[in-house]
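Worksheet: one structure, shown below.
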Amino acid sequence: MEKEQAMLCFQEAFGANAEDLFTAAGRINVIGEHVDYCGGKVFPAALNLRCNIYGRKTNGNTIRLAFRGIDGVVELDLDKLDSYRQLKIGNYQAGVAYFMQQKGVKLVACDLYYDCTVPFGSGLSSSAAIEVATAIALYEYAGVAYDKVEVALLSQKAENEYAGVNCGIMDQFASAMGKKDHAVLLDCTTLEYEYVPLKLGEYCLVVANCNKPHNLVESKYNVRRQEVETALTAIQAVKPIKNLAELTPEEFAEVKYLLSGVVEKRAEHVVMECARVKKAVEALKAGDLAELGKLLNESHYSLCELYEVTGKELDTLSALARKEADCLGSRMIGAGFGGCTISIVKKSAVEGFVRRVGTAYAEAIGYKASFYETSIEDGVTVSKL
Ligand code: GLA
């Protein structure tokens with residue numbers, strides 16, 4: 001949506017002009033899937049697909065929210081922020097506001113219009129983008145200095161404890177801390193991070209949405225978390241580790257006998273994926289894109305066979321990508337069960353890639369995939385209108 005149009009919508013919803021624009025990014029993850037909540041390293045990057053908030057400070061005691069494509073205004077009373085957990089729309093915002101207040105931030109009334117270009121339920125972290133952008137807007141209006149890592153942690157807390165999704169820190173961190181043309185190598189145990197240039201030469205990343213209808217992703221996600229927790233507890237009986245990610249593949253082989261069934265498979269994915277992240281970052285730094293592509297493929301196979309979070313739509317989409325001569329690798333990203341893939345594709349071949357993969361996918365699955373034009377951008381922006 002164009003800025004002018006969004007500002008008109010703001011006018012219509014609130015009867016006044018927007019004064020500020022706050023944005024936070026959706027994200028991709030190059031590699032390191034389902035390891036953030038096991039203390040592993042992840043390698044995400046912030047996108048041009050974003051949650052844009054048009055805002056103005058007001059008087060009174062209410063945060064008013066309006067949304068592109070949705071009629072009406074949602075009102076959050078600053079004295080009752082604990083009471084909006086059941087909202088279908090506005091609960092992420094209420095959660096962020098609630099935990100800011102708990103931290104002692106004196107929130108002020110404001111009007112916020114949401115124009116989110118991160119597709120919902122796509123695995124590109126629209127929820128993190130909404131949380132982070134909301135936190136930035138509320139901090140700015142409260143006139144309180146903030147640290148973006150704190151914003152990420154607070155946003156994660158809102159998602160965990162207010163919206164009830166037990167996510168790790170990756171999405172909110174990428175959304176708040178992303179940097180143009182870089183991926184963020186984040187250690188999810190210490191929150192130490194390093195920006196690595198996402199230099200792909202004559203290649204680029206193609207992001208494709210399999211468009212599978214959103215179906216119980218949150219509850220399936222929470223089950224995976226329990227399974228790796230079970231694995232960790234079993235291993236801790238013989239080895240003093242805090243996180244599964246601490247185990248090398250060799251160390252895992254020695255303690256594997258303690259696990260069985262799906263719990264063993266889940267833990268194996270985590271350990272091997274952590275090893276792949278290390279190799280992938282080395283390959284990228286060395287300009288070895290063929291190796292990076294191979295690691296992306298291995299990550300997908302592991303998410304399919306060991307972690308079992310792919311499904312036929314994501315498997316089909318990434319397999320079709322892999323069949324393309326000018327594609328070096330492809331994998332699902334995010335929580336899975338639907339959502340997006342990334343593929344490393346030669347820039348000159350993108351058009352044909354999208355056409356052929358798109359057609360074959362629609363034939364196999366019965367509905368179309370969506371392909372996005374993406375670029376890697378800064379995580380958050382704040383500007384006057
Ligand atoms: C979701 C969660 C993240 C992470 C990924 C899987 O996006 O929000 O914290 O666990 O799934 O890597």
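For clarity, every value in this text was computed on a predicted model and none was experimentally measured. For ligands, and for the atoms within them, numbers begin at 1 and follow the listed sequence. What you see below is based on every heavy atom in this structure, not just the backbone, and it leaves out hydrogens, waters and symmetry mates.
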Exercise for the section: Check step by step if side-chain hydrogen bond (donor to acceptor under 3.5 Å, both in side chains) holds for Glu159 and Ser127. Expected result: CA-CA 8 Å; Glu159 181 133 355; Ser127 56; 3.3 Å; yes

Handout entry: Under 4.0 Å from ligand 1, counting heavy atoms only: the protein residues, by chain and number
Key =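 Contacts of ligand 1 under 4.0 Å: Arg27, Glu33, His34, Asp36, Tyr37, Cys167, Gly168, Met170, Asp171, Tyr221, Gly334, Ala335.
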
Problem - Flag for Ser122-Asn209: side-chain donor and acceptor within less than 3.5 Å - result: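 Per modelled atom types, Asn209 and Ser122 side chains form no pair under 3.5 Å.
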
Practice task
Verify whether one side chain among Glu313 and Tyr361 offers a donor that lies under 3.5 Å from an acceptor in the other.
Solution key: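 No, no side-chain donor-acceptor contact under 3.5 Å.
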
Handout entry: Lys279 with Glu282: basic N within carboxylate O range, under 4.0 Å
Key =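 Judged by the 4.0 Å cut-off on N to carboxylate O distance, Lys279 and Glu282 do not form a salt bridge.
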
Handout entry: Pair Lys265 + Glu268, salt bridge at N-O below 4.0 Å
Key =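 No salt bridge links Lys265 with Glu268.
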
Exercise for the section: With Arg85 as the cation and Tyr98 as the aromatic partner, state whether NZ or CZ is under 6.0 Å from the six-membered ring centre and within 45° of the axis. Expected result: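 Positive - Arg85 is close enough to the ring of Tyr98 and near enough to its axis.
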
